[in-house]
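Worth knowing before you read on, the calculation uses all heavy atoms, side chains too, and leaves out hydrogens, waters and symmetry mates.
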Amino acid sequence: MPVAPEILRVVEAVDAGALPRDLESETLDFKTQGRSVPDTLRDLAEATACLANSAGGSIVVGVADRERGAAALVGTDLDSTKVKRRIFELTDPRLTVSVDELTRTGHRLLVITVPASPDVHAVGGRSTERIGTSCEPMSSSRIATVVTERRGDDWSADDSTVPIGAADPLALELARAMLERSSDARRSGLARASDADLLPGLGLVTPRRTLVNAGALLFCADSGTTQLTYVHRRTPAGALVVNEPLNTPLLRALERAFDLIDVRSDRTSVNLPGGQQIQLADLPPVAVREAVVNAVMHRDYRRPEAVHVEHTATRLVVTSPGPFVTGVTVHNVLTTSPRSRNPLLAGAIRMLGLAETAGAGVDRMYAEMARLGHQPPAFTVDPDRVRVTLLGGAPNTFVACFAATLPVEESEDADTMLTLLTLLARRTVTAAVMAPLLQKPEDETQSILDRLSSETVRLLERTRESAQRRRPVYRLREHAVAALGPAVTYRRRTPDEYDRKIIALVREAGEVNARMVRLLLDLDAAPASRVLADLVERGILVKTSQAQRGPTVAYGPGPAFPKSSRTRDKRVRTSEEIA
């Protein structure tokens, strides 16, 4: 089979000078051939099993990951058929991969393509999985969890053997209150159902009239188990002020956690452009709820630990037991197709209105943080846990006010708000810059930037120099820069500002040249030349020296050079005197 285009691009990047280890990821690994062929083949078998136990990927053999350019492409003389056969022999269960040859600058490389496997593979009795750019050992409980996930088993749908009558009355009333707030007729109607009909309506009852695990978790208390804990510190390193294990049914524990967070969250008064005054919490409530609810929805309930919520005035850290569901990583958590380790539990939580519809929750977390000028949620993961950190603090009022002027569909869109947030600190962006931040392919990111620069949205514009390129450079439009004020950390210069500065200099000095323009506008040689050429084309300047090329070519006022207001005033006064 032909080598995938993305692998060809990576090898080209290495040849161009990129450091290979900087290009490695959850799905890409570089290897070199060792002195011993048997040892090398075993190393490759372990690396392929590691990728297969995760999301699959590719191994490029013959690339030294700590060298640059041509020195990194060391090549290999391993036989591709023997590599494929030996990987098959050493892995348990047997793993079939494809091995293709690739030649670059005279060096022969091997590309091993590894599928994501429904099984968990071991080499020499040891199983590993790809976490970041490392292969980490898998415990027996982790192996059991992965196998269960890949078979489609749902722990939350299993029979708990707990009778319906054990459901907590307060948890049932809380569920009714949540359902009553829904605009969906079926859900709001369920709020008026009897206990005997409410729980089946949420899908939480077995044919034997007992609760499934999700039902027992949400509506029944287990005195021996804590599913959620909340701690509060005044500062991240300060002493504990509150340490509360929430031992009630999970539905009540969630509501209690939200109350504890809300009462300890500072608020800032913000006057919106229309005159309305609103109170903005230092940590946006929507992002807080999604972080906590996602943790309880997707955690591994085969592990005994509780979901842990640590709260300070400007930070919320939510830690849930177990790693991401297979296929989800820190690099695709924003865009990967929705999946859950506990589908029935997730469905009940969404039906109660505690979480966004499938696949929308993480997007909202990103958008809500950016709307206040805060950085996006930070995810870290290891084999035992997932941690999400929200860094808040007083909202950036300029960003919040500007976001309030955007159409609702844009202010709630993660792509729009992340692009805006990025351009607060960067003068320009491209699709290549934004693609990893939006966690989307470059072509899809290009479409997003084109939409944001359209006359319908009018948030971005293409720079003059790149307007005709296939991959343009984008910046905020002038009205956005003005509205965002101090939130923009650089000083934006527009063509109109270029005109004003150069015209003022010509009035003072009589003429300008490219060197003077470069110093005046802090531009490189090529952009300075383009600015002067544009002014000449519009008749504002004309060449006034004999030289035709070079930085010393002089330019003076042209036929379209604007007259000064002082000259116009003098002409008016002279006419009055004559009259």
Side-chain angles (χ1 to χ4, degrees), residues 141-142 145 155-156 160 162 168 170-171 174-175 178 213-266 281-325 340-342 345-346 348-349 352 354-355 361 365 377-392:
S141 62
R142 173 60 180 157
T145 296
W155 171 90
S156 67
S160 71
V162 176
D168 179 73
L170 292 179
L174 180 57
M178 292 175 176
N213 283 333
L217 191 69
L218 289 168
F219 289 94
C220 302
D222 183 346
S223 58
T225 304
T226 299
Q227 298 293 354
L228 189 62
T229 63
Y230 171 87
V231 301
H232 178 72
R233 306 174 192 270
R234 290 194 176 90
T235 63
L240 285 177
V241 177
V242 177
N243 183 4
E244 185 169 336
L246 303 175
N247 297 321
T248 57
L250 185 57
L251 205 57
R252 290 175 55 194
L254 284 169
E255 202 70 8
R256 174 63 175 163
F258 298 148
D259 289 342
L260 289 168
I261 295 168
D262 182 67
V263 77
R264 290 174 175 80
S265 294
D266 292 333
D282 289 358
L283 286 164
V286 171
V288 167
R289 292 177 71 89
E290 289 298 329
V292 177
V293 171
N294 277 344
V296 301
M297 275 202 306
H298 304 308
R299 61 155 291 181
D300 186 352
Y301 280 99
R302 292 172 179 82
R303 297 170 181 257
E305 303 91 346
V307 170
H308 185 69
V309 178
E310 182 173 336
H311 181 211
T312 68
T314 59
R315 187 181 76 164
L316 186 80
V317 181
V318 183
T319 305
S320 59
F324 278 137
V325 178
S340 176
R341 186 176 280 120
N342 310 292
L345 174 64
I349 285 177
L352 289 165
L354 276 169
M365 288 170 60
F379 288 88
T380 57
V381 61
D382 61 40
D384 297 318
R385 63 190 61 84
V386 173
R387 177 177 289 121
V388 59
T389 302
L390 305 180
L391 291 177

* Structure fact -> Tested for side-chain contact (heavy atoms from CB on, under 4.5 Å) against Leu218, the lone hit among Val296, Ile349, Leu354, Asn213 is Ile349

Separation of [Y] [atom2] from [X] [atom1] (nearest 0.5 Å):
{"X": "Leu246", "Y": "Glu255", "atom1": "CG", "atom2": "CD", "result": "12.0 Å"}
{"X": "Asp300", "Y": "Phe324", "atom1": "CG", "atom2": "CZ", "result": "14.0 Å"}
{"X": "Asp168", "Y": "Leu250", "atom1": "CG", "atom2": "CG", "result": "12.0 Å"}
{"X": "Arg289", "Y": "Asp262", "atom1": "CZ", "atom2": "CG", "result": "9.5 Å"}
{"X": "Asp282", "Y": "Leu390", "atom1": "CG", "atom2": "CG", "result": "12.5 Å"}

* Asked: Going by atom types only, do Thr319 and Arg387 share a side-chain donor-acceptor pair under 3.5 Å?
  -> yes

* Under the 3.5 angstrom rule, does the side chain of His232 hit a backbone N or O of Val241 as a donor-acceptor pair? -> no

* Would you check if the side chain of Asn294 reaches a backbone N or O of Glu290 as a donor-acceptor pair within less than 3.5 Å? => yes

* Asked: Distance under 6.0 Å and angle within 45° of the ring axis: does Arg303 meet both against Tyr301?
  -> no

* Asked: Which heavy atom in Ser340 sits nearest to a heavy atom in Val325, and how many Å separate them?
  -> C-CG2, 4.2 Å

* Asked: So which heavy atom on Ala171 is nearest to which on Phe219, and how close?
  -> O-CE2, 3.6 Å

* Within a reach of under 6.0 Å around CZ of Arg234, are more than 12 heavy atoms found that belong to other residues, nucleotides or ligands? -> no

* Using 4.0 Å as the upper bound for N to carboxylate O, is an ion pair formed by Glu305 and Arg385? -> no

